[in-house]
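The analysis underlying the following values was restricted to heavy atoms, covering all of them including side chains, and did not include hydrogens, waters or symmetry mates. Below, read A as the first sequence line, B as the second, and so on, with proteins coming before strands; counting in each chain starts at 1. All figures in this text were calculated on a predicted structure; none of them were measured in a lab.
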Amino acid sequence: MMLKYRLLWGGLFYKKLRLVLSVIGIIIGVSSLLLMNAFGEAAKIRTLKEIETFGPEVLMVVAGNVRVSAGRAIQTEITTTLKPEDAEALQKIGGIRFISPYFTGDAIVRFAGNTLSTILNGVNEEYLILRKFSLEEGRNFLKDEILSYKKVVILGNKVKAQLFGKENPVGQTILINKLPFKVIGVLSPIGIDASNADQDDQVLIPYTIAISAVYNVDYIRGIFISVEDPSNLHFIEKQIDSILSKRHKVTEKNKDFTIVKAEDILQAKTQTTNLFSSLVKSISVLCLVVGALGVTAIMTLAVNERKKEIGIRKAIGAKERDILLQFLIESVIITLLGGIIGVVLGVVLTLILLPLFNYPLIFPVIPILTSTGLTIIFGIFAGVYPSYKASKVDPIVLLRSF
Amino acid sequence: MGDKIVILEDIQKTYQIGKVPYQVLKGIDLKVEQGEFLVIMGTSGSGKTTLLNIIGLLDKPTSGRYFLEGEEVSKFDSKKLAYIRNKKLGFIFQAFHLVPWATALENVLLPLLYRPDGFSKNDEKRAISLLERLGLGERIHAKPKELSGGQQQRVAIARALITSPKLLLADEPTGNLDSSSSKEVMKIFKELNAEGLTIIMVTHDPEIAKNGKRIKVIEDGIFVDEKQI
Ligand SMILES: Nc1ncnc2c1ncn2[C@@H]1O[C@H](COP(=O)(O)OP(=O)(O)OP(=O)(O)O)[C@@H](O)[C@H]1O
Ligand SMILES: [Mg+2]
């Protein structure tokens, strides 16, 4: 049996350099196609994970004008008109489940000679449940601690690791911008959220102490709100809008706050990722097309060089169909060879690059199947022309010339 | 005498060179008996190869009728012709025309690839014993470029014989060989013929021609002379 295949395709491995050259284009095309598909899959999973902490039931009132760009809510100016009292006023709206004032700033935190700069977020006791953050150690804020300006802190997972290593920090006292705070809890690892902020690189303290003692201001940056029924979201959004407009005495034109929904962030985000991934996908398909054309070119060259062999095969009884099939399969073998190497390379690259770019690690099963399928199709496509030429070789012309 | 293996009736072949028709064969009549060793001689350009290609079913006559073992093969389509070539004919060329990447043994086995019933178990044994018989027992795994001209031609003979053909067609089989290799090849041809194989050989070397049993001379596309040896 082996003999049959050896007699049919032994010629493939005769010119090794040429085989390598024709395979390289396919390798590049397939591995990049696979990589891009894997990144696309991982991005989808990442987005799903991200909305978990900023769900469809969550609203954010942001002080000032906000532009949503590339999935990021960007504050275009600092406004000082959003006050903690505004948050209190919003509590009256029916259908609101949780609400938390929010102040954010940079902070230097310190413990036993370890210093690092991180993001400080001032919130209340409802913030953790609202964002669905869970605690690895310790406990949440108490309502009383918020109201009485207690200097207590919940550490983000990375901050905890950097300050305390494997030790339990609960009960220890750290310095935040030189003020002592007692650690009451540690967040479980969360990762990057929908607003592209690394939720593991932060410290949470009561918003009351954040604005009064740490930053010494009388305003907040935003209000997180979650509603009981996401289908009421638009209705509640309207109420928030009218209450705040009345309180701030602003109209649509000079409004000093913006309401951001998960929907808005997600929409902008998927738009950009979709655009990006379709661009990259078309580039890698183009790579594959170029690779396939390379196979066509090299197969055509091989057919020209092997005209004599084809002539002999025909003289001793090969039909046109036999020759056509031989060269068609030959080009599929070449592309498949490149395809297999490309898939292996692509999988290795995927497994290396995904974690490097903070994407969730997935084993790209569907991308593997699609790229392999595409390779076979492109192999046939690449072989059609040279194989047709081969099948039309006239034995007498060749056998005549010595 | 015995059965006619080849009957050619008024075979004509005209090539079109640009718009000018060029008649190479001008009415060839030929009968070849089972077991004959026919030599076709003639000067260069007289149409020997053209005639042999027509007999070998590699080329089609412009007009005339051709019967091979009683079948009118001039009416067959290319698929059927390929089948007949594989089943009934063996070819030997001046330039050997071995497949360069394949070993001697693989070259010999190549025609079996196109046999409808495929390989059978003892094909490889048969190929090896054919090569052994032709004095290549030691070189069955050698590539063509590792073999001398005479050895290559003997591989080509083994390849022609593997399908047990009815008719062996040889176009200047010694044209690229030195005199001692030529003698060896001719010795093989004579042995094969003695065993009953019908051979048609083209040559313009009178010494080589003497190995045949009958010589026909072609001149400008027509037979002019015939002599029995
Ligand atoms: N495909 C073709 N198209 C046009 N003319 C051809 C073709 N093949 C052969 N000829 C011409 O036909 C004539 C006979 O050619 P052929 O090869 O049969 O001669 P030959 O007797 O075998 O010669 P040689 O001894 O040189 O091999 C030559 O003039 C040749 O140029
Ligand atoms: Mg000739």
So which atom in F93(B) and which in A315(A) form the shortest heavy-atom distance, rounded to 0.1 Å?
CZ-CB, 4.4 Å
Which heavy atom of H97(B) sits nearest a heavy atom of I312(A), and at what distance?
O-CD1, 2.7 Å
Contact part of [X] toward chain A, heavy-atom cut-off under 4.5 Å: side chain, backbone, both or neither?
| X | value |
| --- | --- |
| T50(B) | both |
| L98(B) | backbone |
| P100(B) | both |
| L110(B) | both |
| R159(B) | side chain |

Is [X] in contact with chain B via its backbone, its side chain, both, or neither, using a 4.5 Å heavy-atom distance?
| X | result |
| --- | --- |
| R321(A) | neither |
| Q326(A) | side chain |
| L7(A) | both |

Roughly how far, to the nearest 0.5 Å, is the CG atom of L113(B) from the CZ atom of R6(A)?
12.5 Å
Rounding to 0.5 Å, atoms CD1 (I396(A)) and CG (D59(B)) come to a distance of 3.5 Å
Ranked by heavy-atom pairs below 4.5 Å to chain B, first place among D322(A), D394(A), I316(A) goes to I316(A)
Determine yes or no for a side-chain-to-main-chain donor-acceptor pair under 3.5 angstrom, with R85(B) supplying the side chain and K314(A) the backbone.
yes
Crowding at OH, Y83(B) (>12 non-hydrogen neighbours, <6.0 Å):
no
